[in-house]
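Take this structure, written in structure tokens, and hold onto it; I'll ask about it next.
Proteins come first, then strands; the chains are lettered A, B, ... in the order of their sequence lines, and each starts at number 1. These numbers come from a predicted model, not from an experiment.
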Amino acid sequence: MEGDVFAAMLIVAAGTYVMRAVPLAIAVASRSRIFTPDASGLLSMMAASLISALLVVSAMPEQQNLAPRELLARTIAIIAVFLSQLRWRNLGVAVVSGVAVYAVLRFFVECLEKAY
Amino acid sequence: MFLRSGRKRSALGNFVRGVEASFPIVLGYLPVAVAFGISAAGAGMSTGESVLVSALIFAGASQFSFVGLIGAGTPIAIATVTSLALNLRHILYGPLVARFLSRPRLHHALPLAFGLTDEVFATALVRLEKIDSSARMFWLLGLEAGAYLSWVAGTFAGAAGGELLLLASPSFAPLMSFALPALFAALLLPLLRGDTLYAAVTGAAIALTAFLLGFTAMGVLFAGILGPLFAIAVRRR
């Protein structure tokens, strides 16, 4: 790695840490002033909104691979995760169930593609 | 002395439970980290350099962007700013996690910030509430340690022998990459009640729109800001 690339990598690493650490440090330092019930409610909504956005972003296939059957397979697998979480309330089981359902669906899609 | 060793065991026990809780994250991280290792090697980085990038930055999208842009010959300043912009959403994570930590000291909180990735944040947010308040700090450290080690180890595997791994099992990586959305889906469900449902739906709509327009990372940041505002507006009507 050349010197300037190495320096850039260090800047990205330091910048990423600062973006994570400074708001956390401010929250810790001013805890009593910002965590009123209203603020807690707002933060809960923010958390749900962020995780929901991360779900959408991570579940979407690459732009060039937005085939309906791939989207359908992913949607069904996510529904399987929801059902598994409702039934067992276990994060590991829910994730493994989702991956297993997705694997089976992809297998069927590939078989169908080969057949037709 | 007995008390001190008991406290030590307890801290270690909480840390180990945190590591165990990182299993779903590890499941999702390994294939992505292997893919990053392969990309970094393809961009001309040695195995050591690839691992160093993962060890120091520990932010997937940002790392892919950095290596990809540098590899494509983009000016270094642009590659740096772009990679940093992708992590802007992380500024929202600290305050959300901090409210679950009981009387945290600054020197305890700062090491925690390093491992606050999307997946660690989401897992911590849902699970910390159910953990005894005195155990949360070490539990979170364990969660971060498990995620971090799998990320660095996966990068090493990808950089050192990733192409061999993919040749041996070409369909494995796409399947395992679904572990991350599965994790977010499992984490989202317990949060959906009352006003948070409106915020979640708005967040998803904003993220989807931004994704289709090609501004994925900014979409997550805007979702975090606009989702709650929409939910509050609905509540007031």
Side-chain angles (χ1 to χ4, degrees), chain A residues 1 4-13 15-17 19-29 31 34-35 40-60 63 74 77-78 81-82 84-86 89 91-92 94-99 102-103 106, chain B residues 23-24 27 45 49 53 56-57 59 62 66 70 76 79-80 83-84 87 90-96 98-99 104 106 109-110 113-114 116 118 122 125 175 178-189 191 195-196 199-200 202-204 206-208 211 216 219-220 223-224 227-228 231:
Chain A
M1 196 185 296
D4 49 355
V5 175
F6 184 73
M9 189 265 289
L10 288 181
I11 290 170
V12 173
T16 301
Y17 178 70
M19 277 188 262
R20 290 172 180 168
V22 170
L24 178 63
I26 292 171
V28 165
R31 188 179 182 83
I34 64 172
F35 291 111
S40 275
L42 183 71
L43 291 177
S44 295
M45 286 189 272
M46 191 183 279
S49 187
L50 277 170
I51 295 178
S52 162
L54 289 168
L55 165 62
V56 168
V57 166
S58 61
M60 293 301 285
Q63 289 270 11
R74 286 172 182 240
I78 285 170
V81 174
F82 283 146
S84 170
Q85 179 71 332
L86 280 174
R89 297 188 185 281
L91 211 56
V95 170
V96 171
S97 306
V99 172
Y102 180 63
R106 270 187 70 110
Chain B
F23 167 70
L27 205 63
M45 287 187 181
E49 289 166 349
V53 171
L56 293 180
I57 298 179
S62 181
F66 183 73
I70 295 287
I76 288 175
T80 306
S83 304
L84 280 171
N87 290 333
H90 291 183
I91 60 176
L92 301 175
Y93 295 172
L96 287 164
R99 67 192 171 131
L106 202 56
L110 288 179
F114 178 74
L116 220 45
D118 295 332
L125 210 61
L175 290 183
F178 189 75
L180 290 182
L183 174 66
F184 288 127
L187 290 169
L188 180 64
L189 196 64
L191 296 176
D195 291 339
T196 59
T202 310
I206 292 169
L208 183 61
F211 168 82
T216 305
V220 175

query = Does Ser97(A) reach the main-chain N or O of Val81(A) with its side chain, forming a donor-acceptor pair under 3.5 Å?
reply = no
note = From the list Val12(A), Leu86(A), Val56(A), Leu54(A), the residue making the most non-hydrogen contacts under 4.5 Å with chain B is Leu54(A)
ask   = Any idea how Phe114(B) and Tyr17(A) line up, ring-wise: parallel (<30°), tilted (30 to 60°), or perpendicular (>60°)?
value = tilted
ask   = Is the closest side-chain heavy-atom distance between Arg74(A) and Phe178(B) below 4.5 Å?
value = yes
task = Select, from Ala59(B), Gly227(B), Gly219(B), Ala182(B), the one with the greatest count of heavy-atom pairs under 4.5 Å involving chain A.
result = Ala182(B)
task = Sort Thr80(B) into side chain, backbone, both or neither according to what part of it lies under 4.5 angstrom from a heavy atom of chain A.
result = both
ask   = Where does Ile70(B) contact chain A at under 4.5 Å (heavy atoms): side chain, backbone, both or neither?
value = side chain
key: Top contributor to chain A contacts, counting heavy-atom pairs under 4.5 Å, from Ser62(B), Ala122(B), Ala109(B), Ala186(B)   = Ala186(B)
key: Residue, of Gly203(B), Ala223(B), Ala79(B), Ala113(B), that accumulates the most heavy atom pairs under 4.5 Å with chain A   = Ala113(B)
Which atoms of Leu125(B) approach chain A - backbone, side chain, both or neither, heavy atom under 4.5 Å = side chain
message = Quick check for you: to the nearest 0.5 Å, what is the distance between Leu189(B) atom CG and Ser84(A) atom OG?
response = 10.0 Å
inquiry  = For Leu191(B), is there any backbone N or O sitting under 3.5 Å from a side-chain donor or acceptor partner on Thr196(B)?
reply    = yes
message = If you count heavy-atom pairs within less than 4.5 Å of chain A, which of Thr202(B), Ile206(B), Leu110(B) leads?
response = Leu110(B)
remark   = Among Ala231(B), Ala199(B), Ala207(B), Pro181(B), the residue with the most heavy-atom pairs under 4.5 Å to chain A is Pro181(B)
inquiry  = Are the side chains of Met9(A) and Leu56(B) in contact, using a 4.5 Å heavy-atom criterion?
reply    = yes
query = Which bit of Leu10(A) is near chain B, if near means a heavy-atom gap under 4.5 Å: side chain, backbone, both or neither?
reply = side chain
query = For Val95(A), is it the side chain, the backbone, both or neither that has a heavy atom under 4.5 Å from a heavy atom of chain B?
reply = both
message = Please identify, among Asp4(A), Val5(A), Leu55(A), the residue contributing the most non-hydrogen atom pairs under 4.5 Å to chain B.
response = Leu55(A)
task = Rounded to the nearest 0.5 Å, what's the gap from CG on Leu116(B) to CG on Asn87(B)? Could you check?
result = 11.5 Å
ask   = Taking the side chain as C-beta and beyond, is there a heavy-atom pair between Asp118(B) and Val220(B) under 4.5 Å?
value = no
